[in-house]
There are 2 protein chains.
Amino acid sequence: MKKAGLINKRSLEEQAADLLRQDIVNGVLTPGTRLVETTLAKEYGLSRGTIRIALHQLGTEGLVTQVPYAGWSVATLDDQDIWELYTLRATLEGLAARLAAERICQQGVERLQAAYNQLLKLCEGEDLQAITRGDLDLHKTIIELSGHRRLAHQYQLIENQFLSYITAANRTFDPHEVGHSHQALVEAICAGEGERAEAEAVNNITGFEQLQQERAG
Amino acid sequence: MKKAGLINKRSLEEQAADLLRQDIVNGVLTPGTRLVETTLAKEYGLSRGTIRIALHQLGTEGLVTQVPYAGWSVATLDDQDIWELYTLRATLEGLAARLAAERICQQGVERLQAAYNQLLKLCEGEDLQAITRGDLDLHKTIIELSGHRRLAHQYQLIENQFLSYITAANRTFDPHEVGHSHQALVEAICAGEGERAEAEAVNNITGFEQLQQERAG
DNA sequence: CTGGTATGATTGTCGATCAATCAGACGATC
DNA sequence: GATCGTCTGATTGATCGACAATCATACCAG
């Protein structure tokens with residue numbers, strides 16, 4: 001009586017990486033926290049070798065850093081890192097928006113509208129965390145609609161680091177702005193206007209960055 | 001006089017990954033070739049665990065694929081993969097060109113000109129492999145001038161897969177075109193014109209793709 | 001030909017072990 | 001007292017051997 005799809009085929013190495021990743025992006029493990037292989041192994045009930053591969057994995061994802069013979073720690077981000085994340089994310093999302101617009105179909109429009117409406121609905125409330133999730137869902141939908149596996153993968157890497165930063169810095173935003181700032185983007189994609197969609201996507205992110213800069217400075 | 005990074009402290013895991021990576025991008029290991037952990041371990045005189053981490057590393061780089069409990073093999077690329085590589089590379093390189101132009105300095109101009117002149121010189125000869133290296137050097141210089149570590153990293157990943165494909169498909173090109181097709185790009189960067197540099201970089205790659213498509217079809 | 005089974009190959013995971021290296025404490029020398 | 005080694009503990013770097021889980025194939029029965 002096995003249910004297809006529910007079968008646990010993920011290796012323990014992957015699962016360990018997943019757990020650690022979740023703890024990092026959700027802020028359970030704050031930047032700078034030291035991670036000891038043997039300790040983690042005991043904690044998760046796994047062998048050191050398995051944890052080791054998971055840590056290496058997270059290392060390539062930029063979530064943890066490694067000092068030879070000294071240890072692992074949750075990555076800390078400086079100003080340069082933040083700038084890199086914003087510029088790279090804007091570019092990747094611009095590409096995704098353009099591709100999504102170029103190959104938009106009826107089903108795609110429906111999925112996009114659904115995600116957008118959901119976000120608008122959430123923005124009427126005050127649950128900032130839910131809004132963040134809705135925002136991510138919308139962006140992730142656009143990425144999927146681009147039909148670009150590598151783009152999705154690279155975006156995922158950036159997004160995780162981004163989330164880690166957002167959580168650690170405890171950054172917030174105005175619910176009302178978030179929802180409507182995506183309107184032009186969604187429209188452009190649904191209309192199949194690749195160039196405009198790309199511009200709107202880039203503007204969406206860099207605009208947000210500038211807003212944050214002003215508040216911080 | 002601190003020459004950090006001079007000391008060779010690379011772990012065996014990294015070195016093993018490097019060797020395998022070289023063999024893959026240089027075509028010694030052709031796509032589809034099976035890679036057995038124990039065999040590689042004996043070949044390189046390393047333990048299985050070390051090889052295992054190296055293979056996982058190459059897996060995240062997209063150079064090898066893994067089938068659970070079955071084995072590893074050198075990644076094979078289909079048409080969709082090639083499209084993904086071209087679009088992603090064009091976008092990343094466009095971003096690099098724009099950033100490089102925006103922060104160009106005297107020293108940067110010199111480095112760029114040096115790489116460009118070197119490429120022009122090589123293009124007068126017939127050594128296609130040398131031309132390829134010169135071409136890559138120029139592009140890599142642009143990436144470095146962008147001052148974007150993550151961009152450099154992600155570009156590296158794409159480039160390795162790209163090289164693997166170029167080698168396997170044994171693709172060639174016209175030496176005369178290669179050299180001069182980069183002229184506008186170099187000029188735009190040196191002039192500090194970000195928008196134009198980005199456009200030229202994108203055009204450079206997508207133009208090359210279309211040329212190849214025509215010859216193949 | 002079909003379906004099930006036996007078998008070998010390979011990865012998945014574990015545990016123990018030792019070497020290499022780093023960080024900090026301790027102490028000696030000037 | 002400041003500086004320089006040295007000692008020591010902690011942690012990773014790397015190896016080996018072992019066994020279970022899984023996949024691919026060949027083989028056999030009907």
Side-chain angles (χ1 to χ4, degrees), chain A residues 1-21 23-24 29 31-76, chain B residues 2-21 23-24 29-76:
Chain A
M1 181 60 187
K2 294 179 187 173
K3 298 188 183 176
L6 277 187
I7 307 175
N8 184 0
K9 277 214 174 170
R10 305 184 63 84
S11 64
L12 295 183
E13 300 162 341
E14 282 180 89
Q15 295 183 48
D18 289 344
L19 288 177
L20 276 170
R21 189 176 12 245
D23 280 351
I24 292 176
L29 297 171
T33 304
R34 287 203 53 183
L35 301 173
V36 180
E37 295 181 357
T38 53
T39 306
L40 289 174
K42 281 183 183 172
E43 235 173 86
Y44 289 101
L46 300 173
S47 88
R48 202 184 134 207
T50 306
I51 294 292
R52 206 172 153 67
I53 287 188
L55 283 175
H56 271 280
Q57 172 68 32
L58 295 183
T60 67
E61 295 179 14
L63 291 178
V64 304
T65 56
Q66 179 186 29
V67 180
Y69 291 101
W72 305 81
S73 55
V74 180
T76 59
Chain B
K2 52 158 189 182
K3 291 224 172 180
L6 194 76
I7 311 170
N8 181 9
K9 276 208 181 168
R10 311 196 54 123
S11 65
L12 295 183
E13 301 160 343
E14 283 179 89
Q15 295 182 46
D18 288 344
L19 288 178
L20 275 170
R21 190 176 11 246
D23 280 352
I24 292 176
L29 296 171
T30 56
T33 304
R34 287 203 54 186
L35 301 173
V36 180
E37 294 181 357
T38 53
T39 306
L40 289 173
K42 282 184 183 172
E43 242 174 79
Y44 289 103
L46 299 173
S47 86
R48 203 182 133 207
T50 305
I51 293 293
R52 206 173 154 67
I53 287 187
L55 282 175
H56 271 280
Q57 171 68 32
L58 295 182
T60 67
E61 295 180 14
L63 291 178
V64 303
T65 55
Q66 180 187 29
V67 180
Y69 291 100
W72 304 81
S73 55
V74 180
T76 59

If you round to the nearest 0.5 Å, how far is CG of B:D18 from CG of B:D23?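 With rounding to 0.5 Å, CG (B:D23) is 11.0 Å from CG (B:D18).
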Step by step, would you call B:L29 with B:L35 a side-chain contact (heavy atoms from CB on, under 4.5 Å)? CA-CA 9 Å; B:L29 296 171; B:L35 301 173; 4.1 Å; yes
The side chain to side chain donor-acceptor pair (under 3.5 Å) partners of B:T76 (sequence neighbours excluded) come to none
Side chain to side chain donor-acceptor pair (under 3.5 Å) with B:Q66: which residues, sequence neighbours excluded? none
What pairs meet the ring pair (Phe, Tyr, Trp, His ring centres under 6.0 Å) rule with one or both residues in residues 35-68 of chain B, with sequence neighbours excluded?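 Applying ring pair (Phe, Tyr, Trp, His ring centres under 6.0 Å) to every pair that reaches into residues 35-68 of chain B, excluding sequence neighbours, yields B:H56-B:W72.
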Which residue is it: B:L63, B:L19, B:T30? I am looking for the one with a side-chain contact (heavy atoms from CB on, under 4.5 Å) to B:I24.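 Going through the options one by one, the only one that passes is B:L63.
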Nucleotide interval of DNA chain C bounded by contacts with chain A (heavy-atom cut-off, under 4.0 Å): C:dT13 to C:dC22
Of all residues at least two apart in sequence or in a different chain, which pass the side-chain contact (heavy atoms from CB on, under 4.5 Å) check with A:T65? A:S73, A:A75
Report all interatomic pairs (protein N or O, nucleotide N or O of nucleotides 7-15 of chain D) with separations under 3.5 Å.
residue : atom : partner : partner atom : Å
D:dT12  : OP1  : A:L35   : O            : 3.3
D:dT12  : OP1  : A:E37   : N            : 3.2
D:dT12  : OP2  : A:E37   : N            : 3.3
D:dG13  : OP1  : A:Q66   : NE2          : 3.0
D:dG13  : OP2  : A:R52   : NH1          : 2.8
D:dG13  : OP2  : A:R52   : NH2          : 2.9
D:dG13  : OP2  : A:Q66   : NE2          : 3.3
D:dG13  : N7   : A:R48   : NH2          : 2.8
D:dG13  : O6   : A:R48   : NH1          : 3.3
D:dA14  : OP1  : B:L12   : N            : 2.5
D:dA14  : N6   : A:R48   : NH1          : 3.4
D:dT15  : OP2  : B:S47   : N            : 3.1
D:dT15  : OP2  : B:S47   : OG           : 3.0
D:dT15  : OP2  : B:T50   : OG1          : 2.3

